[in-house]
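Data block below; observations after.
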Amino acid sequence: VRPPWDFSIPVGTCNDLLARCRSRFQRGANAGGFHPGRFELVGARLVPVVAGRLSDRFGRAITYLRLSVTDRCNLKCEYCTPVTSGVSLPREDLLSDDEIVEILQTMARAGLEKVRFTGGEPLVRPGFLDLVARVRAIEGLRELCVSTNGLLLEEQAERLLELGVTRFNVSVRRTSAGAVWYPSSR
């Protein structure tokens, strides 16, 4: 059973997600917002429908999306290296910048307010700074965040702040008090 806050999207379903977002937004735009007494059966629960808004199975608004922009990383650790093969996806299997922007524009019209870029390591994605600039321009997005291992942050932090990133989540693994462990680099 997935927790109610889990809005993970399996690989290969971005077209389905985009179609659902467009459909929900169009229904909402035509319906004119919340309609008291209008409910949808989700599992065994009736939840209120807010037309044009993304919501989870409990009817809570979805305003935050963690978006993995790459499966590549500049470290070789268990967090982002595929356990099965260690082989990254071909570039053509990843969402393009245009696809990411289109999905986020659609989701922002349906209530998305916050995006956290994750990976692998998002700072290794070619053109990542340009992507951040394009996403910042999307109307309705209030907060952009980046989860990173921090190795490339020193050289890119100033530009990311200029582009409107408001938060950084730096993940560091400790093996003992005061000692920071970085796995062997690739």
Review point. Between T148 and E121, does a side-chain hydrogen bond (donor to acceptor under 3.5 Å, both in side chains) hold up when you go through it step by step?
Key: CA-CA 6 Å; T148 175; E121 171 55 44; 2.8 Å; yes
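- Note that CG of L75 is 5.0 Å distant from CG of L151, once rounded to the nearest 0.5 Å.
- Atom-to-atom distance recorded for F168:CZ and S147:OG is 10.5 Å, nearest 0.5 angstrom.
- Of all heavy-atom pairs between A108 and I138, the closest is CB-CG2, 3.8 Å.
- Nearest heavy-atom pair across C73 and N149 is SG-ND2, 3.7 Å.
- Shown here for V165 and C145, the closest heavy-atom pair between the two residues is CG1-CA, 4.3 Å.
- Residues L160 and F128 have side chains in contact (heavy-atom distance under 4.5 Å, counting atoms from C-beta outward).
- L141 is listed as a side-chain neighbour of V115, based on a closest heavy-atom distance under 4.5 Å.
- When all heavy atoms of A133 and L163 are compared, the closest pair comes out as CB-CD2, 3.7 Å.
- Just one residue in the list E143, E113, K114, R116 forms a side-chain hydrogen bond (donor to acceptor under 3.5 Å, both in side chains) with Y64, and that residue is R116.
- Residues V146 and P122 approach most closely at CG1-CG, 3.9 Å, considering heavy atoms.
- Across all their heavy atoms, L95 and E99 have their closest contact at CA-OE1, 3.3 Å.
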Check your understanding: Taking it one step at a time, do D71 and R125 satisfy salt bridge (charged side-chain N to carboxylate O under 4.0 Å, His left out)?
Key -> CA-CA 9 Å; D71 64 336; R125 180 186 170 109; over 6 Å; no
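- Of the possible polar contacts, one joining the T166 side chain to the L144 backbone as a donor-acceptor pair under 3.5 Å is found.
- Shown here is E155, whose CD atom has more than 12 heavy atoms of other residues, nucleotides or ligands within 6.0 Å.
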Exercise for review: Apply side chain to side chain contact (heavy atoms under 4.5 Å, CB included) to the pair L131 and V101, showing each step before the final yes or no.
Suggested key: CA-CA 8 Å; L131 175 62; V101 169; 4.2 Å; yes
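- Within 6.0 Å of CZ in R136 there are more than 12 heavy atoms belonging to other residues, nucleotides or ligands.
- Distance CG/L65 to CG/L112: 5.5 Å, rounded to 0.5 Å.
- Taken to the nearest 0.5 Å, the CG atom of L123 stands 8.0 Å off from the CG atom of L129.
- If you take CD1 on I103 and CG on D98, they are separated by 11.0 Å, rounding to the nearest 0.5 Å.
- In this structure, the separation between CZ on R167 and CG on L161 is 13.0 Å, given to the nearest 0.5 Å.
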